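One structure is given below, encoded as structure tokens.
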Amino acid sequence: MVETSQTESPQPLLRVKELSKSFGGVRAVVAVSFDLYPGELLGVIGPNGSGKTTLVNLITGLVKPDAGLVEYQGRNITGWMPYRVARLGIARTFQMVRPFAALPAFKNLIIPLFSPRVRSLSGGKYGDRDSVAKDLLEEVGFERDSSVTYKPAGSLPHGYLKRLELAKCLALRPDLIILDELFSGLSIAELAGILPIIEKLLVGGTTIIMIEHRLRELFRIANRVVVLNYGRVIAQGKPADVMEQPDVKEAYLGTE
Amino acid sequence: MVVKRKRKERIDRGIKARSDDIFALTSFREMLYVAVPPVLPVLLLLVLPLVLPLYWKKVLISAAVFALLAMSWDFIAAVGMVSLGQALFFGMGAYTTGVLDHYAGLPIWLSIPLATVIGGFLSAILLLPVIRLRGVYFSMVTLVLPLMIERIIEATALFGGTEGITGIQSFPNQWVEVYLVLVVLLLCLFGFRRLMTSDYGLVLKAVSDNDRAVMSAGINIYWSKAQALFIAGSVGSFCGAYLTHVYMFVGMPAFALDYSILPLASAVVGGMGTFAGSVMGAMILVPLSEALRGVGGLRTVIYAISLVVFIVALPEGIFHYIQRKYHQFERWVEVEG
Amino acid sequence: MLEVTLIYGFVNSVILALVALGFSLTFGISGVSNFAYGAMYVLAGYVVWILMHKLAIPFFAAAALSVVLTAGLGAALYWFVLLRVRGMVLSEVIATFGVGLAILELFRYLGFTGFEYTLPSFTDGSIMIGSTYLDYQRVWIVGVGVFLAVGLYFFTHYTKLGLAFRGIAQEEKTALSLGINSDRVAGISVAFGSGLAAVAAILILPRGTISVNEGYDVLINAMAVCIIGGLGSTPGVIVASFIIGYAQMITDTFLGPHWKMIVSLVAILLILVIKPSGLFGKQKELEERM
């Protein structure tokens with residue numbers, strides 16, 4: 001995966017410039033800028049309430065920025081509606097997993113599979129959505145032909161819900177995936193199941209942004225890390241280097 | 001010391017389990033078990049006009065109209081839009097057909113379909129701004145709009161003002177009249193039920209469940225909601241257009257609160273989200289209100305109270321209740337607790 | 001002419017604000033939109049009339065009693081109906097709408113229509129402002145309206161219950177963890193809103209007869225003001241009231257009284273197109289699309 005950052009592509013896949021947003025008096029995100037190159041895995045870390053999720057919402061259009069610029073594949077997508085952003089190939093997971101509880105797990109994937117992006121990518125046809133959905137679930141670790149695939153999503157254990165959330169992303173066949181705390185609440189064993197899936201995505205050329213609290217796992221796969229604190233970028237760079245910086249230590253440990 | 005408590009246990013009937021998959025039908029009894037629920041009401045609705053006296057035939061017509069309005073309510077409610085103003089849809093269709101008939105002189109077989117489509121379109125356009133908002137806004141605007149339009153027609157004397165438009169052509173004969181609405185009712189009933197289990201319906205329902213997730217899946221929820229509004233608006237407009245030709249009159253009462261309340265009550269009492277419940281509710285409430293003619297204005301009070309009682313105490317509605325009894329049996333079991 | 005429009009426009013605006021205040025307050029605090037609001041308003045008027053004419057209770061005592069009774073009914077509505085369906089918008093809307101409908105139509109059924117159903121003015125007579133006559137009742141309306149608006153501001157900013165109100169409105173979970181009983185506060189807010197409806201009714205109704213249809217009109221007006229001002233925002237209510245109030249008065253003078261309703265309708269449609277969350281919409285999620 002390392003070679004991707006060396007093959008210096010002239011144009012970043014995603015460029016975020018001076019992005020800002022405040023809610024009432026609270027400045028949630030302040031002038032955040034970073035570039036993301038194709039095939040990279042960028043980690044976004046920071047203490048609770050540092051504006052990570054708001055940043056994701058700003059990029060994916062769920063929240064309209066006060067100022068700044070979001071450019072995807074050279075196109076200005078600042079303030080676009082979420083569905084238009086998704087159709088360009090930016091998929092995301094939500095921190096709070098809220099599946100369509102009454103539907104069987106695989107039927108949850110019908111919704112992304114119904115999006116116009118999927119149709120245009122498969123040449124104007126949707127195909128058999130049910131079987132595509134089951135294949136996708138197998139890809140993220142639902143055992144083939146086991147009953148979990150057919151159980152109502154509301155009754156699934158947390159680990160499966162996270163996988164389902166990931167599968168919903170993959171259903172869109174995205175070029176860029178934004179994972180908002182995908183690892184939170186997972187056991188070591190469950191993590192061991194999901195990590196290879198993400199590594200496989202990277203090998204396949206997908207670009208990924210990961211918001212994460214579990215730094216050890218993140219650092220194993222991330223090419224680059226952006227550290228947020230109080231909505232500002234306080235450090236940026238290779239994982240190991242970043243953690244050495246005093247600002248970051250202070251933000252995390254709260255010491256002078 | 002273990003405390004024994006009683007708990008109600010519900011178990012699927014054997015016949016339900018056996019006939020869940022269509023290829024497993026092995027006996028005549030199982031076939032009947034599957035076939036009776038959809039076929040019986042169809043037969044009933046188609047035979048009733050042949051045996052009912054004229055007066056009750058009119059009641060059946062109005063029950064069918066309210067059943068359609070209730071289904072249209074149920075449909076957009078499933079997409080997360082709680083309407084308090086089905087009268088808007090009804091009135092739009094009624095006035096469109098009135099105008100087409102009176103000013104353009106179109107024949108009835110053109111004015112009804114045109115009014116259905118145009119009325120649905122107008123309703124959707126009027127409500128378009130509200131679909132961007134969640135929650136209670138939609139209810140407020142749908143409650144306010146028809147009442148306001150009523151006042152505006154009164155104020156501006158538009159389309160006959162308080163007098164309305166009279167002399168609209170009627171149906172060629174009463175059989176066309178009755179069977180048109182019944183056939184549309186059955187088509188809508190099975191159409192809606194089919195639609196909601198299709199993938200398209202799944203997406204619509206998902207919008208009301210978790211709109212963020214649907215948006216992030218690349219689906220334009222506003223467009224989906226607008227489509228739903230158009231469909232529901234068309235069904236409502238058909239009702240308006242149809243009754244206008246039955247009464248040979250259209251006027252301000254087309255936007256009256258009655259057309260909002262009774263469909264709502266039918267859907268809630270019958271059971272939301274099933275469409276069959278809406279039909280059942282209307283088929284119970286409308287004849288009931290005819291039977292209660294003697295008490296006059298108290299009818300609306302009764303609707304209102306049944307609305308509150310059902311929504312608070314029995315939110316599943318009658319249809320779900322019957323469905324449960326049909327498919328499952330219940331028994332009290334002792335549990336340790 | 002201009003003077004009349006200015007003065008009566010002001011009175012009209014205050015009336016709209018009075019009518020909308022209770023509805024907006026309840027929503028702002030507990031998120032409950034009380035569709036029985038118009039019924040509460042009319043009910044309060046009839047209660048005063050019944051107390052005065054059937055039980056021979058003097059007007060001011062009857063008025064006070066009516067406010068208390070209506071507020072009590074609001075509390076009962078919350079405890080016996082809303083509490084059971086809390087959080088389900090669909091059920092809340094249908095339940096309150098049903099209750100309102102039942103109350104209004106019951107009055108219609110019982111025959112409460114006619115010219116004898118009027119409430120007395122507080123004080124008879126009128127004053128001259130410039131060259132315009134203004135009766136004392138309208139002076140009362142303006143006075144009490146302004147007093148209520150100012151009083152509410154101080155109540156929500158400086159009293160314990162008021163602060164609890166605002167706490168629930170802003171962040172229910174946090175308020176809960178600070179020991180504020182959100183159910184009780186929400187119940188009080190519905191009662192409070194209903195009480196305000198009663199106050200508005202007692203002030204405004206003496207201008208004409210009490211009628212059942214007034215209940216629907218009040219609900220429509222309250223909602224129109226709240227949609228335009230932004231649901232749950234008190235400054236929004238006041239600004240929207242003045243916009244609609246004056247716009248109505250101007251159309252009334254130049255186009256005729258029938259056109260008043262069109263003003264509200266056009267205003268609602270315009271605001272929904274331009275800024276759906278209303279002029280002062282505090283609803284973050286609405287502005288933020290979600």
Side-chain angles (χ1 to χ4, degrees), chain B residues 77 80-84 126-141 143-145 147-152 154-157 161 208 211-212 215-216 222 257 260-261 264-265 267-268 272 295-313 315, chain C residues 27 31-33 35 80-85 88-106 108-111 216-217 219-221 223-224 226-227 231 255-262 264-265 268-274 276-278 281 283 285-286 289-290:
Chain B
M81 298 182 278
V82 185
S83 152
L84 293 181
L126 265 180
L127 293 176
L128 219 49
V130 204
I131 59 179
R132 278 195 280 163
L133 303 173
R134 277 183 184 175
V136 81
Y137 268 91
F138 188 84
S139 309
M140 287 193 182
V141 173
L143 177 66
V144 169
L145 278 185
L147 297 177
M148 279 191 170
I149 292 175
E150 204 181 343
R151 307 284 161 78
I152 287 169
E154 185 185 358
T156 57
S208 78
D211 43 8
R212 283 161 171 253
M215 282 259 237
S216 302
Y222 306 127
L257 211 49
S260 306
I261 297 161
L264 174 62
V268 169
M272 289 174 280
V295 297
L298 205 55
R299 283 189 298 180
T300 320
V301 181
I302 292 170
Y303 296 147
I305 290 173
S306 57
L307 204 56
V308 178
V309 167
F310 268 85
I311 205 77
V312 173
Chain C
F27 185 88
V32 171
S33 35
F35 282 82
F80 294 111
V81 178
L82 281 172
L83 199 54
R84 289 155 204 272
V85 294
M88 294 181 281
V89 175
L90 182 139
S91 306
E92 281 183 3
V93 167
I94 294 175
T96 53
F97 184 59
V99 168
L101 208 60
I103 295 173
L104 285 175
E105 293 302 319
L106 189 65
R108 198 196 299 279
Y109 174 70
L110 295 174
Y216 296 111
D217 286 353
L219 185 60
I220 294 180
N221 279 330
M223 285 203 243
C226 287
I227 290 171
L231 263 182
L255 292 171
H258 285 318
W259 294 82
K260 270 169 85 171
M261 228 20 164
I262 291 185
S264 311
L265 180 74
I268 287 181
L269 292 178
L270 269 181
I271 199 78
L272 284 176
V273 172
I274 299 164
S277 55
Q283 263 119 308
E285 58 201 18
L286 296 177
R289 291 159 178 177
M290 283 323 226

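Letters A, B, ... are given to chains in the order of the sequence lines, protein chains preceding strands, and every chain is numbered from 1. Note that the structure is a prediction, hence the values are computed from the model and not measured.
Put simply, the side chain of S139(B) does not reach to within 4.5 Å of the side chain of F97(C), judged on heavy atoms. In this structure the side chain of L126(B) reaches within 4.5 angstrom of the side chain of L269(C), judged on heavy atoms. Within the 4.5 Å cutoff, no side-chain heavy atoms of D217(C) are placed close to those of L147(B).
Within the 4.5 angstrom heavy-atom criterion, atoms from both the backbone and the side chain of S91(C) approach chain B. Heavy-atom distances place both the backbone and the side chain of V301(B) under 4.5 Å from chain C. Heavy-atom distances place both the backbone and the side chain of L90(C) under 4.5 Å from chain B. In this structure, no portion of L82(C) lies under 4.5 Å from any heavy atom of chain B. When heavy atoms are compared at a cutoff of 4.5 Å, L128(B) does not approach chain C at all. With a threshold of 4.5 angstrom between heavy atoms, V309(B) does not approach chain C through any atom at all. Only the side chain of L257(B) comes within contact range of chain C, with heavy atoms under 4.5 Å apart.
Ranked by heavy-atom pairs under 4.5 Å with chain B, the list R84(C), E105(C), R108(C) is led by E105(C). Residue with the most contacts toward chain B among L104(C), V85(C), V93(C): V93(C) (heavy-atom pairs, distance under 4.5 Å). When the candidates L143(B), V141(B), I302(B) are compared by the number of heavy-atom contacts under 4.5 Å with chain C, L143(B) comes out ahead.
Shown here are the side chain to side chain donor-acceptor pair (under 3.5 Å) partners of E92(C), two or more places apart in sequence or in another chain: R86(C).
Atom OG1 of residue T300(B) and atom CG of residue L101(C) lie 7.0 Å apart, to the nearest 0.5 angstrom. With values rounded to the nearest 0.5 angstrom, F27(C) atom CZ is found 6.0 Å from M140(B) atom CE.
Nearest heavy-atom pair across I311(B) and A95(C) is CG2-CB, 3.8 Å. Considering every non-hydrogen atom in both V312(B) and F80(C), the closest pair reads CG1-O, 4.5 Å. Minimum heavy-atom separation, G98(C) to L307(B): CA-CD2, 4.3 Å.
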Apply side-chain contact (heavy atoms from CB on, under 4.5 Å) to residues L106(C) and L298(B) and explain how you reach the verdict. CA-CA 7 Å; L106(C) 189 65; L298(B) 205 55; 4.1 Å; yes
